[in-house]
Structure formats: structure tokens, C-alpha cells
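Chain A is the first sequence line, chain B the second, and so forth, proteins listed ahead of strands; every chain is numbered from 1.
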Protein chains: 2
Amino acid sequence: MNKGKERQIPPSVVRRLTRYLAILQELRSRRTPWVSSSELADWLGLTSSTVRQDLTHVNFRGISRKGYDVEGLAATLAKTLGADTTWSVAVVGAGNLGRALALHEEFARRGFHIKGVFDSDPAKIGRRIGSFRVMDALTLPRFVHEKKIDIGIIAVPSQAAQQVADLLIAGRIRGLLNLTQTHIIAPKKVPIVATRIVSSLQELAHLIKRRHSL
Amino acid sequence: MNKGKERQIPPSVVRRLTRYLAILQELRSRRTPWVSSSELADWLGLTSSTVRQDLTHVNFRGISRKGYDVEGLAATLAKTLGADTTWSVAVVGAGNLGRALALHEEFARRGFHIKGVFDSDPAKIGRRIGSFRVMDALTLPRFVHEKKIDIGIIAVPSQAAQQVADLLIAGRIRGLLNLTQTHIIAPKKVPIVATRIVSSLQELAHLIKRRHSL
DNA sequence: TAGATTGTTAATCGATTAACAATC
DNA sequence: TAGATTGTTAATCGATTAACAATC
């Protein structure tokens with residue numbers, strides 16, 4: 001039943017697989033039939049060795065002298081990443097960021113379907129955001145459970161992050177995307193991925209400073 | 001003039017330094033005077049070895065039996081990361097995401113001051129977003145140059161990303177934060193940091209799938 | 001003083017790159 | 001066929017962890 005030995009892909013590799021997939025989807029829409037490891041590498045600022053090494057984690061073989069079949073590799077990567085199925089998502093936080101996420105059509109195009117938007121601020125509960133009506137965060141556990149929500153996106157102020165995570169976890173959420181600065185604690189069963197915009201800006205500020213002091 | 005040998009901090013370390021700083025600022029506001037490497041490690045899911053190793057890159061010593069002075073370490077980290085100065089920022093893209101960023105007060109609190117919001121869609125140019133009036137993206141080179149903008153945040157649709165980056169670069173931008181899925185090419189002089197929300201969701205989807213197929 | 005925690009060196013682990021035979 | 005590109009093994013590089021003497 002299990003396809004092979006391609007289990008347990010390291011996080012750094014998974015991250016790059018998402019990048020390959022984005023490019024392959026682009027190439028597919030341009031009807032480019034083949035792509036080589038060195039082309040992929042050049043576009044992403046990697047070495048072709050890294051690309052080929054990465055692709056050993058995935059059940060798809062290239063062809064000498066031609067490279068990889070764009071269509072087939074895209075399909076295989078999508079499957080590996082779970083991008084071939086649809087995921088139900090709850091957005092928590094109806095501030096500017098939550099609003100933007102709820103209205104962002106790209107998520108649905110990529111298979112991440114937002115099913116509800118939540119907040120704990122009474123002033124925000126009941127408001128409309130696109131086709132959504134903001135719901136009380138306290139109803140999250142039931143909502144997540146009943147609607148079989150897979151993923152919770154946390155876009156609340158930092159102080160509320162853990163609280164909101166606990167509500168999602170109580171509803172048996174399967175994974176969390178943490179957009180706050182705070183570190184969230186969850187049972188090992190519940191994977192968390194974090195993207196911190198402020199941290200990224202600080203990282204960038206550091207790089208700029210460094211350039212200048214060379 | 002140069003403080004010591006603490007040049008060229010690896011990216012993985014820089015990323016963690018931003019996390020330490022966030023915690024230290026929190027502790028400072030709670031008037032906690034000291035913190036140990038193992039406390040920091042526990043909060044972030046690291047080992048105390050990693051924390052101490054990371055802090056060797058920074059010009060600050062702890063004290064045996066007490067740990068690190070919160071106030072002093074926070075100041076040193078802020079300086080290393082450039083979080084002690086203010087940065088001028090241009091947001092490009094006046095869609096939902098750009099709007100959210102422009103209205104997000106936290107950036108200013110962290111020293112990243114948004115000076116203008118841009119778009120190339122005529123329907124968006126001239127609109128108000130908070131206290132901003134959306135400007136034509138074609139005016140970016142002059143604006144960046146004249147207002148001495150340090151950082152450009154790219155929040156446009158993927159197809160427009162490189163174009164917009166080129167305009168920022170033409171104005172001699174010092175660094176870019178890329179919020180699109182696309183890989184942006186820039187001269188080595190211009191550091192780029194990317195945060196891809198869709199990639200993060202895909203990474204999460206993969207982790208969820210993996211848990212379930214154990 | 002006794003003991004907790006640092007800074008640092010050495011050991012381990014993992015990820016990236018190089019190299020090249022296999023192959024289309 | 002000749003030559004470009006793969007898959008894979010080995011070498012290198014870098015990052016994390018372990019260990020422990022120094023020290024407050």
C-alpha cells in the first residue's frame with residue numbers, strides 16, 4: 001500500500017518542494033513540456049544537485065537528456081504536499097490582516113477553502129467581511145468539530161494567540177498557521193507552521209545594515 | 001571602531017535572534033530582570049546550547065548563576081538587528097493584503113514606518129487607505145529615491161512582482177520583502193527576504209498528511 | 001561554600017555540493 | 001553515435017547538540 005521509502009521529508013526540502021510546485025504550475029500554464037534540474041535551480045538560486053537530491057524524496061523519475069515531465073512532476077509534488085486535495089480553513093482574527101486573508105481568492109484556488117472568520121471582539125462579531133459574517137471566537141471548538149475544519153489561521157493580536165489556539169485545538173483542529181509574533185504551544189499531534197512578517201522585516205533590516213558596514 | 005569579531009551572522013541564527021528579541025521585549029514589559037538560556041530555549045522549543053551558541057554572535061555576556069540581563073540583551077539584539085533605528089517603507093500593492101499592511105500599526109511600533117502605498121491599477125490609484133492616498137507604481141523610482149525609502153514590501157499579484165521590484169530597484173531601494181509566491185531577481189546589493197503564506201499552508205498540509213499516514 | 005549557569009571546545013548530526021557512471 | 005542530463009554515492013560544509021571547566 002505504501003508507495004516506497006519516500007517517508008519523512010525534512011522541512012527544508014518540503015519548503016523547496018512548494019517552490020518547485022509553484023514554478024511547475026506556471027510552466028504548465030505556458031505549455032512547457034519539460035524542465036531540467038538546472039533550470040529549476042537557476043530560477044530559485046539553488047544548485048542543480050540540490051534540486052535532484054530534493055526530488056529523490058518524491059516518487060517521480062526524470063529522463064536523461066530531457067529532464068522532468070512538467071505535468072507529471074507537478075502532479076506528484078501536488079500529491080506529496082497535499083495540494084491535490086481541498087482543505088477547510090478557519091480564519092481567526094477579523095482585523096485588517098484577517099480581513100485580507102478572508103478576501104484573498106488565491107487560497108481557494110490553491111485548495112484552501114475558508115469556511116468561517118472569527119473574532120473575540122464584540123465590536124467585530126456580526127460584521128460582514130465579503131460573504132462572511134464574523135463569528136464569536138468562543139464558538140470555535142464546536143464549529144471546528146462540526147464543520148471538520150482542518151486548518152486554523154491565527155491572525156489575532158499576539159496576546160490572544162495562545163488562547164485562540166487552545167480553542168481551535170479543543171475543536172480538534174489538524175494544523176495551525178501562526179501569523180503572530182508569539183510562539184504557540186500545542187500537542188505534538190497538531191503541527192504548526194509560523195510566518196512572522198515583523199521578524200522578516202527585522203531579518204531584512206539586519207541584512208541591509210550588514211551590506212552597508214562591509 | 002568595529003566592536004569585535006561578531007560579523008556575518010548566519011541566516012538561521014538571525015532568524016532566531018528576532019525571536020529572542022520578541023521574548024525579551026515581552027519580559028522587559030513585565031519587569032523580569034533576568035532570563036537564562038534554558039528558559040529562552042524552553043519557550044521557543046530549542047536547546048539551551050543553541051541559545052548560548054547563538055548569543056556568541058552578539059556582543060553581550062551573561063552572568064553565571066543568573067543568566068542574561070533582559071534590558072541589556074534586548075538592547076544589544078535590537079542593535080544587531082537594526083531594530084533600534086527607524087526604517088522607511090513603501091508598500092506596493094493596494095489590494096486586500098497591501099491594505100492590511102498599510103493599516104497595521106505594529107510595523108510603526110517596531111520601527112518600520114510606511115511612507116506610501118502604490119499600485120498600478122488605475123482603479124486603485126487615488127483611493128484612500130487610512131491616511132494614505134494610493135499612488136501610481138510608475139512613480140516609485142522617484143519616490144523611493146527622493147524620500148530615501150529603505151524597504152519595499154511587495155504585495156502585488158505574482159505576475160507583477162518582478163516588474164514592481166525593478167521599479168523599486170531603479171529608485172535605489174535598500175532591501176525587499178517579497179510577499180508573493182514568485183522568486184524575485186535583484187542585484188546582490190539588494191537583500192531580499194520572502195514570506196510565502198501559500199507555501200506555508202502547503203507545508204502545513206504536508207505535515208498534516210504525514211501525521212495521518214503514520 | 002555549594003551549586004547553577006555561563007562560554008567554549010569537541011562530537012554529532014544533517015544538509016548541500018561535487019563528481020561521475022548510467023542512460024536516453 | 002555523441003553528448004546532455006539524470007540518479008546516486010561520496011566529500012564537504014555548516015549547524016546543532018553534548019560536555020565540561022570556569023565563574024559568579
Consecutive-pair stems (at least three Watson-Crick or G-U pairs, under 3.5 Å) that include DNA chain C: C:3-24 with D:3-24
Over how many whole Å does the gap from [X] atom [atom1] to [N] atom [atom2] extend?
{"X": "L40(A)", "N": "dG7(D)", "atom1": "CG", "atom2": "P", "value": "12 Å"}
{"X": "L55(B)", "N": "dT5(C)", "atom1": "CG", "atom2": "P", "value": "15 Å"}
{"X": "F60(B)", "N": "dT6(C)", "atom1": "CZ", "atom2": "P", "value": "12 Å"}

Side chain to side chain donor-acceptor pair (under 3.5 Å) evaluation trace for T18(A) with S199(B): CA-CA 6 Å; T18(A) 67; S199(B) 287; 3.2 Å; yes
Residue pair V144(B) / G171(B): nearest heavy atoms and the distance that separates them: CG1-O, 3.2 Å
Evaluate the ring planes of F143(A) and F118(A), with Trp represented by its six-membered ring, and classify them as parallel (under 30°), tilted (30 to 60°) or perpendicular (over 60°). perpendicular
Is the closest side-chain donor-acceptor distance between S36(B) and S38(B) under 3.5 Å? yes
Side chains of R196(B) and S200(B), donor plus acceptor under 3.5 Å: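 Their side chains do not contain a donor-acceptor pair, so the 3.5 Å distance test is not met.
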Pairs of donor and acceptor atoms involving the side chains of residues 152-165 of chain B, under 3.5 Å and at least two apart or interchain, shall be tabulated with distances.
{"unit_1": "S158(B)", "atom_1": "OG", "unit_2": "T182(B)", "atom_2": "OG1", "d": "3.4"}
{"unit_1": "Q162(B)", "atom_1": "OE1", "unit_2": "I185(B)", "atom_2": "N", "d": "2.9"}
{"unit_1": "Q162(B)", "atom_1": "NE2", "unit_2": "D166(B)", "atom_2": "OD1", "d": "3.0"}
{"unit_1": "Q162(B)", "atom_1": "NE2", "unit_2": "I185(B)", "atom_2": "O", "d": "3.0"}

Exceeds 12 heavy-atom contacts within 6.0 angstrom, atom NE2 of H145(B):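 No, NE2 of H145(B) has 12 or fewer neighbouring heavy atoms, counting only those of other groups under 6.0 Å.
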Any side-chain hydrogen bond (donor to acceptor under 3.5 Å, both in side chains) involving residues 66-78 of chain A? Give me the pairs, sequence neighbours left out, ordered by first then second residue.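 Residue pairs passing side-chain hydrogen bond (donor to acceptor under 3.5 Å, both in side chains), neighbours aside: none found.
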Got a sec, which pairs hit side-chain hydrogen bond (donor to acceptor under 3.5 Å, both in side chains) with one end in residues 22-35 of chain B, sequence neighbours left out? Q25(B)-R110(B), E26(B)-R30(B)
Reading 5' to 3' through nucleotides 14-24 of chain D, protein heavy-atom contacts under 4.0 Å coded B for base, S for sugar-phosphate only, - for none: -SSBBB---BB
Near DNA chain D, under 4.0 Å by heavy atom, which residues of residues 69-76 of chain B?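 None, since no heavy atom is under 4.0 Å.
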Would you tell me if any nitrogen or oxygen in the side chain of S37(B) comes within less than 4.0 Å of OP1 or OP2 on dT6(C)?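 Looking at the OP1 and OP2 atoms of dT6(C), one of them is under 4.0 Å from a side-chain N or O of S37(B).
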Heavy atoms, side chains only, cut-off 4.5 Å: are L204(B) and P191(A) in contact?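 With C-beta onward as the side chain, the pair touches.
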